[in-house]
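Structure, as structure tokens:
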Amino acid sequence: MASKVGKILVVDDNLGIRRALEILLPMHFAEVKTIPSPSTLVSSLEQFRPDVVLLDMNFNTSINTGNEGLYWAGEIKKMVPEVEVVLFTAYADIALAVEGMKRGAFDFIVKPWDNEKLIATLTAARDKARKATGRDSSAKGLRMTDGGPSCHPERFSCHPERFSCHSERSEGSMFWGSSPAMKSIRKTLDKIAPTDATVLITGENGTGKDVLAREIHMHSLRCGKPMVAVDAGAITETLFESELFGHVKGAFTDAHTDHVGKFEQADGGTLFLDEIGNIPLHLQAKLLRVIQNRSVVRVGGSEANPINIRLICATNMDLEQLVREGRFREDLYYRINTVHINLPPLRERKEDIVPLAQLFLERFTEKYHRHLTGLDNSAKVALESAWWSGNIRELLNVIEKAVILSDGSELTAKDLDLDLSTALRSGRDDTHSVTAGTHHVIPSEVEESLVRDAMLRTDGNISAAAKMLGVSRPTLYAKLKKYGL
């Protein structure tokens with residue numbers, strides 16, 4: 001086996017991430033050093049003499065623009081041009097990545113990361129650094145210019161939106177966007193992730209409850225340990241105890257060997273119970289007992305096996321209502337509800353729809369080797385006007401289909417093929433309820449764009465356009481007259 005080569009310096013303020021990398025990276029590189037902030041970066045460069053710096057982009061909880069990481073990326077390249085910098089961030093923004101490349105960064109890795117992608121990127125950066133200098137990682141020290149900087153976090157005072165999203169290489173991570181609701185959830189995550197608090201995530205189907213659960217795990221001190229996900233609603237009653245708690249050999253027919261249940265599989269890490277509202281009442285008591293005792297007895301066994309897990313649950317159901325109806329145990333509800341996070345539907349975070357669509361567009365453009373440059377104005381209007389009953393999952397499917405079928409250089413409203421009737425009706429009568437006590441009203445310029453698009457898509461056929469928009473012919477005539485179409 002070839003000897004490990006290369007020295008990696010990790011600069012990241014998240015203790016859990018540093019611990020995880022201290023386990024992963026030494027399996028692939030000769031030496032790995034981690035530091036929690038750039039305050040000791042200059043001395044670490046001088047003393048450790050790395051080939052590659054894996055650099056976080058945010059070190060101050062009140063500063064999340066990525067500017068601090070960009071600043072230090074530039075300073076590293078000024079001080080030691082031969083060292084390669086890989087930016088490491090949970091706030092994925094393509095423009096930010098491009099800016100990092102302009103300042104000399106080798107590549108951009110998004111948290112939560114894909115291990116293979118991370119190792120491949122660091123290896124390529126290491127090879128480039130060693131080739132450029134003609135030295136191995138143990139050779140003489142790096143050339144440092146005079147006047148190395150000291151850290152001044154106060155210089156970075158902007159507070160724009162925070163992002164956390166995977167690229168195609170690591171799908172399924174959180175996109176935070178800029179909506180107030182998601183910013184609030186992000187602040188909550190920052191507070192609770194390092195703890196072992198039990199979390200209940202609620203929200204409609206497709207809002208990303210499982211993705212948020214993974215985000216909590218990846219920002220916790222357990223991130224180097226397994227996260228075991230269980231779709232509780234998909235487990236049959238007869239297999240429920242065996243799947244979650246395990247069984248011993250001979251416990252029942254076909255139990256030919258001992259089986260470790262999900263609770264024990266997640267020991268040391270996180271157990272994610274999705275669709276917990278679907279668990280039958282008589283099984284909820286058994287689940288509660290395990291959660292309270294922090295130990296499991298396998299089916300057919302007598303020994304209590306202790307478990308050390310962090311529990312995250314999710315449901316699209318109203319558990320409080322189920323408690324009132326006697327369909328969900330009140331004691332279990334309070335046991336899993338230490339921290340409650342409700343993910344808003346996509347239609348209530350409209351400012352995030354287009355950026356999220358653009359992210360999916362980039363993902364599928366790469367995946368299907370298409371040459372699309374973006375979304376035209378008609379597509380953006382249509383995206384913001386659609387109802388999105390399937391939320392982010394529906395948006396992803398719409399963009400994927402449009403990328404595959406599109407013939408142009410940009411996606412248009414016609415490519416998206418959305419049903420905009422709900423949006424137009426709500427704009428017409430101002431009575432379509434989004435949530436209790438909330439009305440969804442689209443601006444006149446959006447309504448005009450919807451009408452114009454429907455007429456274009458039906459080649460001016462009034463009856464067909466009215467049917468597409470879900471309005472009567474007289475209503476459509478009035479809209480055409482109103483907007484001079």
Side-chain angles (χ1 to χ4, degrees), residues 90-95 97 110-114 117 161-179 181-182 185-186 201-215 218 229 231 272 274-275 314 316 341-376 378-408 410-420 422-423 434:
Y91 317 124
D93 178 78
I94 299 303
V110 181
K111 304 173 190 173
W113 64 89
D114 175 81
K117 164 64 177 172
E161 63 273 15
R162 302 173 72 171
F163 293 91
S164 176
C165 197
H166 280 301
S167 66
E168 167 62 16
R169 297 180 181 88
S170 49
E171 295 183 21
S173 183
M174 206 71 194
F175 176 87
W176 292 107
S178 59
S179 64
M182 294 305 294
I185 291 174
R186 175 70 214 200
I201 305 172
T202 58
E204 296 179 5
N205 286 333
T207 51
K209 297 184 291 296
D210 57 334
V211 180
L212 179 57
R214 284 196 296 272
E215 194 81 2
M218 288 305 301
D231 184 350
F272 174 51
D274 199 6
E275 303 300 343
N316 63 353
I341 299 176
N342 183 62
L343 278 174
L346 191 57
R347 59 184 173 273
E348 292 181 11
R349 39 184 297 208
K350 298 179 74 67
E351 56 268 72
D352 296 338
I353 294 174
V354 170
L356 189 53
Q358 289 173 330
L359 187 69
F360 292 150
L361 172 63
E362 289 154 5
R363 174 187 300 176
F364 293 122
T365 296
E366 179 181 354
K367 180 177 182 178
Y368 296 113
H369 308 292
R370 305 303 303 275
H371 301 287
L372 292 160
T373 59
L375 304 159
D376 76 358
S378 71
K380 293 176 181 178
V381 169
L383 287 166
E384 291 183 342
S385 304
W387 187 244
W388 300 117
S389 58
N391 293 293
I392 297 173
R393 188 179 299 138
E394 180 186 4
L395 175 61
L396 183 145
N397 291 336
V398 166
I399 298 298
E400 182 174 20
K401 177 183 175 182
V403 167
I404 292 171
L405 299 179
S406 174
D407 294 319
E410 289 185 310
L411 286 189
T412 66
K414 184 176 181 179
D415 293 323
L416 298 174
D417 193 27
L418 294 169
D419 177 10
L420 303 176
T422 300
V434 177

*asked:* With side-chain contact (heavy atoms from CB on, under 4.5 Å) as the criterion, how do R214 and F272 come out once you've worked through the C-alpha distance, each side chain's angles and the decisive distance to 0.1 Å?
replied: CA-CA 9 Å; R214 284 196 296 272; F272 174 51; over 6 Å; no
*side chain to side chain donor-acceptor pair (under 3.5 Å) partners of N397, counting only residues at least two apart*: none
*Excluding sequence neighbours, so at least two apart, what forms side chain to side chain contact (heavy atoms under 4.5 Å, CB included) with S378?*
D376, T412, A413
*Qualifying residues under side chain to side chain contact (heavy atoms under 4.5 Å, CB included), relative to N342, sequence neighbours excluded*: T202, H340
_With heavy-atom distances below 4.5 Å as the criterion, would you say the side chains of L346 and E394 are in contact?_
no
*Is there a side-chain contact between D417 and K401, using heavy atoms and a 4.5 Å cut-off?*
yes
_Taking side chain to side chain donor-acceptor pair (under 3.5 Å) as the definition, give me every residue that meets it alongside E400, ordered by chain and number, with sequence neighbours left out._
Y368
_Restricting to salt bridge (charged side-chain N to carboxylate O under 4.0 Å, His left out), what partner residues turn up for D274, sequence neighbours left out?_
none
_K209 bridged to E204 by N-O distance under 4.0 Å_ = no
*Residues which pass side chain to side chain contact (heavy atoms under 4.5 Å, CB included) with A402, listed by chain and number, not counting sequence neighbours*: L411, D415, L416
*Any chance you could lay out the side-chain contact (heavy atoms from CB on, under 4.5 Å) test for I341 and L212, step after step, and finish with the verdict?*
CA-CA 10 Å; I341 299 176; L212 179 57; 3.7 Å; yes
*With the side chain counted from C-beta on, respond yes when K380 and L375 share a heavy-atom pair under 4.5 Å apart, and no when they do not.*
yes
*Using the test side chain to side chain contact (heavy atoms under 4.5 Å, CB included), find all partners of D352 that sit at least two apart in sequence or belong to another chain.*
F175, S178, S179, M182, R349
_Side chains of L372 and S406 in contact at under 4.5 Å (non-hydrogen atoms)_ = yes
*Of all the heavy-atom pairs spanning L383 and I353, show the shortest one and how long it is.*
O-CG2, 3.6 Å
*asked:* A side-chain contact here means heavy atoms from C-beta on lying under 4.5 Å apart; do L343 and N391 qualify?
replied: no
*At what distance, to the nearest 0.5 angstrom, does NZ of K414 lie from CG of D407?*
9.5 Å
*From CA spacing to verdict: side-chain contact (heavy atoms from CB on, under 4.5 Å), F364, R370*: CA-CA 8 Å; F364 293 122; R370 305 303 303 275; over 6 Å; no
*Taking every non-hydrogen atom, the tightest pair across P344 and I185*: CD-CD1, 3.9 Å
*For residues V381 and S385, determine if any side-chain heavy atom of one lies less than 4.5 Å from a side-chain heavy atom of the other.*
yes
_N205 vs R393 side-chain heavy atoms within contact, under 4.5 Å_ = yes
_W388 vs L418, side-chain contact (heavy atoms from CB on, under 4.5 Å): CA-CA, chis, key distance, verdict_ = CA-CA 10 Å; W388 300 117; L418 294 169; 3.7 Å; yes
*Listed by chain and number, what are the side chain to side chain donor-acceptor pair (under 3.5 Å) partners of D231, not counting sequence neighbours?*
none
